[in-house]
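Within every chain, numbering begins at 1; the chains are lettered A, B, ... in the order of the sequence lines, protein sequences first and strands thereafter.
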2 protein chains.
Amino acid sequence: MSTSRGARQPTIKEVARLAGVSPMTASRTLAGGRNVRPDLQERVLAAVRELGYYRNENARSLRPGQPSGLIGIAITNLANPYYGNFALGVEEVAAEHGRRIILGNTGEDDARERQLVSDFIGRQVDGLILVPVSGDAAHLKPERLGEVPLVLASRRVPGLDVDTVLLDDVGGAYRGTVSLLDAGHTRIGFLGNRSSVFTGERRFRGYEQAMTERGVPVDPAIVARDQQDVAAASLAAKAMLDRDEPPTAIFSANNRNTIGALREIGRRIREGRSGPRPAIVSFDDFELSELMPVPVTVIDHDARLLGREAATLLFSRLDEDVAVPARTVELPVSIEYP
Amino acid sequence: MSTSRGARQPTIKEVARLAGVSPMTASRTLAGGRNVRPDLQERVLAAVRELGYYRNENARSLRPGQPSGLIGIAITNLANPYYGNFALGVEEVAAEHGRRIILGNTGEDDARERQLVSDFIGRQVDGLILVPVSGDAAHLKPERLGEVPLVLASRRVPGLDVDTVLLDDVGGAYRGTVSLLDAGHTRIGFLGNRSSVFTGERRFRGYEQAMTERGVPVDPAIVARDQQDVAAASLAAKAMLDRDEPPTAIFSANNRNTIGALREIGRRIREGRSGPRPAIVSFDDFELSELMPVPVTVIDHDARLLGREAATLLFSRLDEDVAVPARTVELPVSIEYP
DNA sequence: CTGTTAGCGCATTCAT
DNA sequence: ATGAATGCGCTAACAG
């Protein structure tokens, strides 16, 4: 019986010894076998199999200039399928480039983001992809990051001039709101993130712009901008719909708010309440939107693509020219009518 | 102007030099400051801030016995919100234990799983959490993994006796199917994964058991067991519903199949087709199931909890007793009627 | 309380 | 084509 935790990982020395060669020959073999006699390679590879050897990537990356092969990615909420897909997009492109991702969840917490970034750098990540919590930028400044390139996704950080992938938040929100106005709605509620969140601000701006342009006043009584999760969004929708002059349509600035609003609307329908059944425009797609009991217009965009784009930006800086100035890619959104 | 990529990361030596102490004093300070004069600590910390120093975690973990602080996690499909939540659960518990997760997506591909596991081990992960692709177990055998503890989630691998977190697949599927039978259905279709997928097999078994017990024959014509994604599930549902004797209810063995089936059903309703509107029982919850145009019974379970449980199992082996035999935790599911 | 020495696993450099 | 020496950044173990 072996020990409970199995044996220590074998090292390249042990492989070499078993193969009867020097560690260098083993190392060279593992590096591709340039300048190593085929028969020795055979013996090394046999020893590798025999011992179950894995090259220690950490030791490998210790030597300066050697990349760690890790991309650090910090997102704000993994429970949101949107960010799951985002991470998947990054992971796909990273895998294509032979990199692994190391993932952390900030939960919209500034301190946690700082901690994650430190840790990532301490692990010698080759690059960093961040959906920033916003707040201040001190810990993301290039001088703090050393050589590690950073790409921001979804949101920009004030005062930070780095590669960024954004959505056309303003345009999408504008067009979505216009579609409601075109349908004759004038009492249009707003559900979204607090304005300190970059997308929350931008999407509200698009909404506001459309309303103002058409001469429809924005009524603060049916604007709720502080919901981060489904439960809070439900409550906000409820409050709005319980008013004397409830909205006939609701613009929801993100997935979580949309689900919350629909949950509340569904509850009212099931309870047989007569009240209004507001039309919805949702920034962010969600599954089965076509089956909802009220018409849902979706401002659709592909989280996975956003992730792929962010990763592409990162690898272009990593593998190609490094001196180009910071770029911003703004991905289009598409409006899907019910 | 500095170079385009910023400066190399400072090392502990440079910190020590700037603080006018030896590297060991700097190291000790960073390790908590035991046995270091407060004024020297001050100077070290000042130097750290000044230089923007981050401890190189890879170098640190090079020394034997030092944990890397990384937990490797490989899941089959990050795009499935279920696994996003699973990863989140693992991430939460890992963070509580001061660990980071390093995440890979296998896409149900055996080779990719092997590759990921090798890479994780090469990065000296402290532990491994896997939703296995099944197939063979050679690369997961303890002797291949060395000291690295492994926890399986959702699925078991034949011939591999390790800590495992499962759902009550059979019981849940059984109870869900019974609820349909109790409602008077006798023609109940099945949508699920191919039987080589562990959960696919188990959930089918629960379905079959309930049917058999009630003397209702399982008709292969309305059993489709090969869909991995929403599009395939839609097609399978379509084929089933287009038959001469379509099912009056459908048991769907997972989230992806449920969405696909509902998408097809919704399409038929919107097209004003008269055909049957089958009731659904869905293994796996999904958002807004209460708003569907057909009654949906959900066999609910918490992916995040599954992740937390897997991580808890792992850390108990990592931080506590190591010699206990392999454990299996089977989490209960709850049935939520429409 | 502080510093010196040594070595973790690997690969670059320089011999042979 | 092969091997020996060396050092990456860090911290136990030992000395002072």
Side-chain angles (χ1 to χ4, degrees), chain A residues 7-44 47-48 51-70 118-119 121-126 146-148, chain B residues 7-44 47-48 51-69 118-119 121-126 146-147:
Chain A
R8 219 190 70 273
Q9 295 288 340
T11 75
I12 200 168
K13 277 190 192 165
E14 302 169 45
V15 170
R17 180 141 30 89
L18 182 59
V21 299
S22 77
M24 264 323 294
T25 298
S27 173
R28 279 195 262 259
T29 300
L30 294 171
R34 296 269 312 151
N35 291 346
V36 181
R37 254 168 39 214
D39 58 318
L40 291 189
Q41 295 198 40
E42 286 297 332
R43 271 155 56 192
V44 169
V48 164
L51 294 174
Y53 168 80
Y54 298 93
R55 183 164 59 186
N56 184 330
E57 295 295 334
N58 291 348
R60 187 175 147 78
S61 74
L62 192 56
R63 121 185 331 280
Q66 289 294 334
S68 69
L70 287 176
S118 309
D119 186 88
I121 293 186
R123 293 183 192 286
Q124 314 304 111
V125 293
D126 299 339
E147 321 194 291
V148 182
Chain B
R8 218 192 70 273
Q9 294 289 341
T11 74
I12 200 168
K13 277 189 191 163
E14 302 170 46
V15 170
R17 181 142 29 88
L18 182 58
V21 299
S22 77
M24 261 324 291
T25 298
S27 174
R28 278 195 263 258
T29 299
L30 294 171
R34 294 272 309 154
N35 291 347
V36 182
R37 251 168 41 213
D39 57 319
L40 292 188
Q41 295 198 40
E42 287 297 330
R43 271 155 57 193
V44 169
V48 164
L51 294 174
Y53 168 79
Y54 297 93
R55 180 165 61 185
N56 184 329
E57 296 294 333
N58 290 350
R60 185 175 147 77
S61 75
L62 193 54
R63 151 175 309 282
Q66 289 292 336
S68 69
S118 309
D119 185 88
I121 293 185
R123 292 183 193 285
Q124 314 304 112
V125 293
D126 299 338
E147 321 194 291

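- One finds the CZ atom of B/Arg34 at 11.0 Å from the CD atom of B/Gln41 (value rounded to the nearest 0.5 Å).
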Let's go through A/Val15 and A/Val44 carefully: what are the C-alpha distance in whole Å and the side-chain angles of both, what is the deciding distance for side chain to side chain contact (heavy atoms under 4.5 Å, CB included) to 0.1 Å, and is it a yes or a no? CA-CA 7 Å; A/Val15 170; A/Val44 169; 4.2 Å; yes
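- Residue A/Gln9 places none of its side-chain N or O atoms closer than 4.0 Å to OP1 or OP2 of C/dG9.
- As rounded to whole Å, 18 Å separates atom P of C/dC8 from atom CG of B/Asn56.
- Smallest separation of non-hydrogen atoms from A/Thr11 and A/Tyr53: C-CE1, 3.5 Å.
- Going from atom CZ of B/Arg17 over to atom P of D/dG9 covers 12 Å, rounded to whole Å.
- Atom OG of A/Ser61 is separated from atom CG of A/Asp126 by 8.5 Å, given to the nearest 0.5 angstrom.
- Using a 4.0 Å heavy-atom distance criterion, A/Ile12 is classed as a sugar-phosphate-only contact.
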Listing time: all N or O pairs from protein to nucleotides 2-4 of chain C that are below 3.5 Å?
{"residue": "C/dT2", "atom": "OP1", "partner": "B/Arg37", "partner atom": "NE", "Å": "3.3"}
{"residue": "C/dT2", "atom": "OP1", "partner": "B/Arg37", "partner atom": "NH1", "Å": "3.0"}
{"residue": "C/dT2", "atom": "OP2", "partner": "B/Arg37", "partner atom": "N", "Å": "2.5"}
{"residue": "C/dG3", "atom": "OP2", "partner": "B/Ser22", "partner atom": "N", "Å": "3.1"}
{"residue": "C/dG3", "atom": "OP2", "partner": "B/Ser22", "partner atom": "OG", "Å": "3.1"}
{"residue": "C/dG3", "atom": "OP2", "partner": "B/Thr25", "partner atom": "OG1", "Å": "2.6"}
{"residue": "C/dG3", "atom": "N7", "partner": "B/Arg28", "partner atom": "NH2", "Å": "2.6"}
{"residue": "C/dG3", "atom": "O6", "partner": "B/Arg28", "partner atom": "NH1", "Å": "3.4"}
{"residue": "C/dG3", "atom": "O6", "partner": "B/Arg28", "partner atom": "NH2", "Å": "3.2"}

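- Phosphate proximity of C/dA11 to A/Ser27: present, with a side-chain N or O under 4.0 Å from OP1 or OP2.
- Between B/Leu30 and B/Ile12, some side-chain heavy-atom pair lies under the 4.5 Å cut-off.
- The overall bend of the helix from C/dC1-D/dG16 to C/dT16-D/dA1, read as the angle between its terminal helix axes built from five base pairs each, is 40° when rounded to 10 degrees.
- Rounded to whole Å, atom C1' of C/dC10 lies 18 Å from atom OH of A/Tyr54.
- To the nearest angstrom, P of C/dG7 lies 17 Å from CD of B/Gln66.
- Under the 4.5 Å side-chain criterion, counting only non-hydrogen atoms from C-beta, A/Arg43 is not in contact with A/Thr29.
- Taking 4.0 angstrom as the limit, B/Arg55 places a side-chain polar atom (N or O) nearer than this to OP1 or OP2 of D/dT11.
- B/Pro10 approaches B/Gly52 most closely through the heavy-atom pair CG-O, 3.9 Å.
- In this structure, the side chains of A/Leu70 and A/Gln124 stay at 4.5 Å or more apart for every pair of heavy atoms.
- Between B/Arg17 and B/Glu14 there is no salt bridge, since no side-chain N of the basic residue sits under 4.0 Å from a carboxylate O of the acidic one.
- As rounded to whole Å, 14 Å separates atom P of D/dT11 from atom CG of A/Asn58.
- The shortest distance between the side-chain N/O atoms of B/Gln124 and the OP1/OP2 oxygens of C/dG9 is not below 4.0 Å.
- Contact annotation: A/Tyr53 side-chain N/O to C/dC10 OP1/OP2 distance is under 4.0 Å.
- Rounded to an integer number of Å, the gap from B/Leu62 CG to D/dT11 C1' is 11 Å.
- Between B/Ile121 atom CD1 and C/dG9 atom P the separation is 16 Å, expressed in whole Å.
- Between A/Lys13 atom NZ and D/dT6 atom C1' there is a gap of 13 Å when expressed in whole angstrom units.
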